[in-house]
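Input: a single structure, listed below in structure tokens.
For ligands, and for the atoms within them, numbers begin at 1 and follow the listed sequence.
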Amino acid sequence: MSGALLATLREVVGAAHVLTRDTHDLSAYERDWRQRAHGHALGVVRPGSTAEVAAVVRACAAHGASLVPQGGNTGLVVGSVPDGSGTQVVLSLQRMNAVRAIDRANLTMTVEAGCVLQSVQQAAEAEGLLFPLSLAAEGSCTIGGNLATNAGGTQVLRYGNARELCLGLEVVTPEGEVWHGLTGLRKDNTGYDLRDLFVGSEGTLGVITAATLKLFPPPAARLTAWAAVPTLQSAVDLLGLAQQRLAAGLTGFEVMGQFALSLVDRHMPPLRVPLWRQSPYCVLLENSDSEGEDHARTQFEGLLEAAIERGLVSDAVVAESIAQARGLWHIRESIPLAQAQEGLNIKHDISLPVSRIPAFCDETDARLAREIPGVRLVNFGHLGDGNLHYNVQAPADEDAKKFLQTQETRVNQLVFDAVARYDGSISAEHGVGSLKVEHLAHFKDPVALALMRRIKQAIDPHNRLNPGRVIQ
Ligand SMILES: Cc1cc2nc3c(=O)[nH]c(=O)nc-3n(C[C@H](O)[C@H](O)[C@H](O)COP(=O)(O)OP(=O)(O)OC[C@H]3O[C@@H](n4cnc5c(N)ncnc54)[C@H](O)[C@@H]3O)c2cc1C
């Protein structure tokens, strides 16, 4: 059976694009970015067109095989790698990487799902336009993966997450049909919004093969500042002040805890992290201005002076050049890597009402410290979106692997119970994958869960697409 399926897949996409263990090292497709899972695939198939994707899906359906769609394999919730059965086919979209069209007057671009996010940004930039989705994995994640996970990143405050940047989709259904939904319309009230159904479905309802995305005129100037704040509450108050003074110009507002920055300092010494020793939190702000750099700088300096006067900021630096601004962003984006170098950890990508974040952290930090003496908190995130990466690292003298084995369930329970008490979400931007399936069953509204199951059953009745992910 599996031999017959592989033979059919070779006919569909060409032998060179069906990778199997006997001829290739499949570990890059089978192991997730965080090294939490190492599955075992029947094979990896790399179609080059939408018609080929549809034929692959039909072939797998005919042979009763399930499929795991995969883009850049940078997802953080173990959603893009096969299980250990050796029967699943990894459907890699990486060869589908063409920019199909750019419509300057409509401010849209249509790209294939396997385009790497950075190349989408660059294609827009080459036309003098901006595609604002931006995240630390942008050099390897794909637009298909971004949409399948409804990725967030650093510009959500102004431009929204991946869902809000997408106008239309082309999708291959679990039966191998193609939905041609590549509309560039900003208004289209013709019934249920299928685009919204597929965005964020993490490969469980269909394979995204292309998307029409929103573009924007780029700002005339972008300025970045780094500020030390005395408390998390000051960071929240600074956010309010920045929103009031900069309005839509405020395109980024990131918070970074002292321990998170100390890891960058320890593991990446060339990066020279500013102001981190003197304050429990630092904040990274970005001001995008339509008038120009002088205007942006005056506004930014006025904001920071007012913040210092009110005691919200103890010290601050404004980047003097694009290179310096990139350097500051690079520090923020290096936190996940520095944390990985420190060792395995328990990650929580949570969202909360911004107003409740300080109380949530006070309570949960204290409870964790009480229950697990010496535990270290790597707390950073997109404060402007109410999104924290509230990660828990083993005490310094403890084996990280053992810590995960013995404490993960307890720590998750403690953190997620607190998230629920504070009216938050257990997944802000990374999705559910297989890591959070059980937690979702516990924390999601039961009626919402039942509706999700009915949707999955209606669209993928044989559970062929990414089984065991999102819902069970
Ligand atoms: C260092 C680092 C920083 C990160 N920062 C952020 C961040 O700031 N914000 C954020 O939101 N995420 C972040 N992520 C997570 C990750 O990069 C995003 O989830 C990204 O959108 C995944 O894209 P991908 O192409 O790698 O998808 P993959 O990892 O390959 O897949 C992710 C999920 O989407 C499905 N999928 C992939 N392609 C398709 C397709 N074409 N059709 C249907 N389903 C598909 C997969 O089955 C899987 O369920 C970060 C990851 C890393 C490693």
Side-chain angles (χ1 to χ4, degrees), residues 28-29 31-37 39 44 47 50 53 57 66-82 88-97 111-118 120 133-156 161-163 165 169-174 198-211 252 254 329-330 332-340 347 349 351 380-382 385 387-389 427-437 460 465-470:
Y29 299 93
R31 190 183 296 148
D32 76 304
W33 191 86
R34 290 175 62 200
Q35 317 255 349
R36 294 289 309 256
V44 176
T50 304
V53 173
V57 171
S66 58
L67 276 160
V68 181
Q70 190 181 90
N73 198 16
T74 67
L76 298 175
V77 287
V78 191
S80 53
V81 289
Q88 296 190 315
V89 173
V90 173
L91 173 55
S92 167
L93 277 298
Q94 279 174 332
R95 280 181 66 225
M96 289 193 60
N97 59 6
V111 300
E112 291 185 343
C115 283
V116 169
L117 173 56
Q118 199 167 53
V120 175
L133 186 67
S134 177
L135 45 124
E138 64 198 23
S140 30
C141 63
T142 63
I143 201 72
N146 299 148
L147 291 166
T149 58
N150 187 25
T154 55
Q155 304 280 299
V156 175
N161 47 24
R163 182 188 303 283
L165 296 171
L169 287 179
E170 180 185 84
V171 174
V172 172
T173 69
F198 288 108
V199 172
S201 65
E202 298 183 49
T204 61
L205 298 180
V207 182
I208 297 169
T209 48
E254 303 285 308
W329 275 106
H330 188 46
R332 157 63 185 87
E333 283 162 0
S334 298
I335 295 175
L337 285 173
Q339 193 184 6
K347 285 199 193 305
D349 161 45
S351 67
F380 65 100
H382 316 295
D385 317 325
N387 178 188
L388 292 181
H389 299 308
S427 179
E429 60 175 11
H430 294 163
V432 178
S434 48
L435 269 191
K436 292 190 186 153
V437 173
D460 184 16
L465 276 187
N466 226 357
R469 272 73 203 258
V470 185

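Which of V53, L93, T149, V81 comes nearest to atom 18 (C) of ligand 1 through a heavy atom is settled by distance: it is T149. Among C141, P336, S80, the residue whose heavy atom lies nearest to atom 23 (O) of ligand 1 is C141. Atom 45 (C) of ligand 1 has its nearest heavy-atom neighbour, among A136, C115, A148, in A148. Of the listed options I143, T209, V156, I208, I208 places a heavy atom closest to atom 41 (N) of ligand 1.
Ranking protein heavy atoms by distance to atom 46 (C) of ligand 1, first place goes to P69 O, 3.1 Å. Remark: minimum distance from atom 52 (C) of ligand 1 to any protein heavy atom is reached at A137 CB, 3.7 Å. Ranking the protein heavy atoms by distance from atom 51 (C) of ligand 1 puts T74 O, 3.4 Å first. For atom 8 (O) of ligand 1, the closest heavy atom belonging to the protein is E429 OE2, 3.4 Å.
Using 4.0 Å as the threshold, G153 has a heavy atom nearer than that to some atom of ligand 1. Heavy-atom distances between Q70 and ligand 1 reach below 4.0 Å in at least one pair. Using a 4.0 angstrom heavy-atom cutoff, A162 does not count as in contact with ligand 1.
At least one donor-acceptor pair under 3.5 Å links the side chain of D460 to the backbone N or O of L465. Judged by distance alone, the side chain of N73 and the main-chain N or O of A28 form a donor-acceptor pair under 3.5 Å. A donor-acceptor contact shorter than 3.5 Å links the side chain of D349 to the backbone of E429. The backbone N or O of V81 sits nowhere less than 3.5 Å from a side-chain atom of D32 that would complete a donor-acceptor pair. Of the possible donor and acceptor atoms, none in the side chain of Q88 sits under 3.5 Å from a partner among the backbone N and O of S66. The main-chain N or O of C141 is never found under 3.5 Å from a side-chain atom of N146 such that the two would form a donor-acceptor pair.
When non-hydrogen atoms are compared, ligand 1 lies under 4.0 Å from neither the backbone nor the side chain of E333. Contact annotation for A113 and ligand 1: only side-chain heavy atoms (C-beta onward) come within less than 4.0 Å of the ligand. Contact annotation: for R469 versus ligand 1, there are no heavy atoms closer than 4.0 Å. Contacts between N161 and ligand 1 below 4.0 angstrom, taking non-hydrogen atoms only, are absent altogether.
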**Request:** Begin with the C-alpha distance, continue with both residues' side-chain angles, and end with the deciding distance and a verdict on side chain to side chain donor-acceptor pair (under 3.5 Å) for T209 and E170.
**Result:** CA-CA 6 Å; T209 48; E170 180 185 84; 2.7 Å; yes
**V207 and L91: CA distance, side-chain angles, deciding distance, side chain to side chain contact (heavy atoms under 4.5 Å, CB included) verdict** = CA-CA 9 Å; V207 182; L91 173 55; 3.8 Å; yes
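Here the closest heavy-atom approach between residue P47 and residue S92 is recorded as CD-O, 3.4 Å.
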